[in-house]
Amino acid sequence: MRFGARVLKTGIAVVLTFLITNQIGLTPALIAGIAAVNALQPNVYRSLETTWNQFRGNTIGAISAIIMVLLFGSNVLIIGLTVILVLAMLLFFKLQSVSTLAVITVIAIMDVPFGTDLGTTDFLIIAGTRFSLDDWCSRITACQSGLYTAAL
């Protein structure tokens with residue numbers, strides 16, 4: 001790996017992602033940072049294509065995680081089963097390229113601390129925040145990456 005434009009884009013994307021999420025007050029910024037790094041590609045077209053695929057994969061992961069928690073609660077076996085189901089759906093829809101980020105989304109949403117008794121509304125708010133951070137920052141980073149790449 002050489003030090004070049006892609007290295008700079010990655011650093012800028014991470015900094016911007018953390019600044020934006022901290023400025024807006026959204027947490028956890030970790031998910032947004034991971035999404036930002038995964039969205040970066042060598043050119044504008046691939047960045048936009050990757051972002052679109054990430055959006056679809058993350059939507060599948062988020063909806064599956066929410067449904068499973070609401071139906072069965074959150075424990076290690078249900079999380080594992082949900083990961084397996086999401087990976088199977090991603091294979092079916094030919095979205096295996098975004099499986100890592102979709103699984104991170106599942107884990108982030110289903111990671112309700114053991115012993116915590118959240119109401120349905122509280123859980124849905126937390127799940128929505130975690131999903132929107134992931135998806136929103138992927139799209140912003142792809143746009144930033146595309147503009148930066150076009151400027152080079």
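Only a predicted model underlies this, so the values are computations on that prediction, with no experimental measurement involved.
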So does Val69 get a backbone contact from the side chain of Ser74, meaning a donor-acceptor N/O pair under 3.5 Å? no
Cluster membership besides Leu19, Ile/Leu/Val/Met/Phe/Trp/Tyr side chains within less than 4.5 angstrom, sorted by chain and number, is Val15
Distance col, row Ile67:CD1 vs Leu85:CG, nearest 0.5 angstrom, shows 11.0 Å
Between the CZ atom in Phe72 and the CG atom in Leu81, the distance rounded to the nearest 0.5 Å is 8.0 Å
Hits for side-chain contact (heavy atoms from CB on, under 4.5 Å) against Ile84, two or more places apart or cross-chain, chain-then-number order -> none
One should read off an interatomic distance between Phe18 CZ and Gln23 CD, to the nearest 0.5 angstrom, of 15.0 Å
Report, one line per pair, each donor and acceptor closer than 3.5 Å where one atom sits in a side chain of residues 88-97; sequence neighbours left out.
none

Heavy-atom closest pair (Gly57 atom, Ala102 atom, distance to 0.1 Å) is O-CB, 3.5 Å
Rounded to the nearest 0.5 Å, the CE atom of Met68 sits from the CD1 atom of Ile109 at a distance of 13.5 Å
**Report entry** Minimum side-chain heavy-atom gap Thr50-Asn53 below 4.5 Å
**Finding:** no
Rounding to 0.5 Å, atoms CD1 (Ile66) and CG (Leu70) come to a distance of 7.5 Å
To the nearest 0.5 Å, atom CE of Met110 lies from atom CD1 of Ile78 at 6.5 Å
Is there a side chain to side chain contact (heavy atoms under 4.5 Å, CB included) between Val98 and Asn58 once you walk through the steps? CA-CA 8 Å; Val98 297; Asn58 289 337; over 6 Å; no
Does the side chain of Leu87 reach to within under 4.5 Å of the side chain of Val103, using non-hydrogen atoms? yes
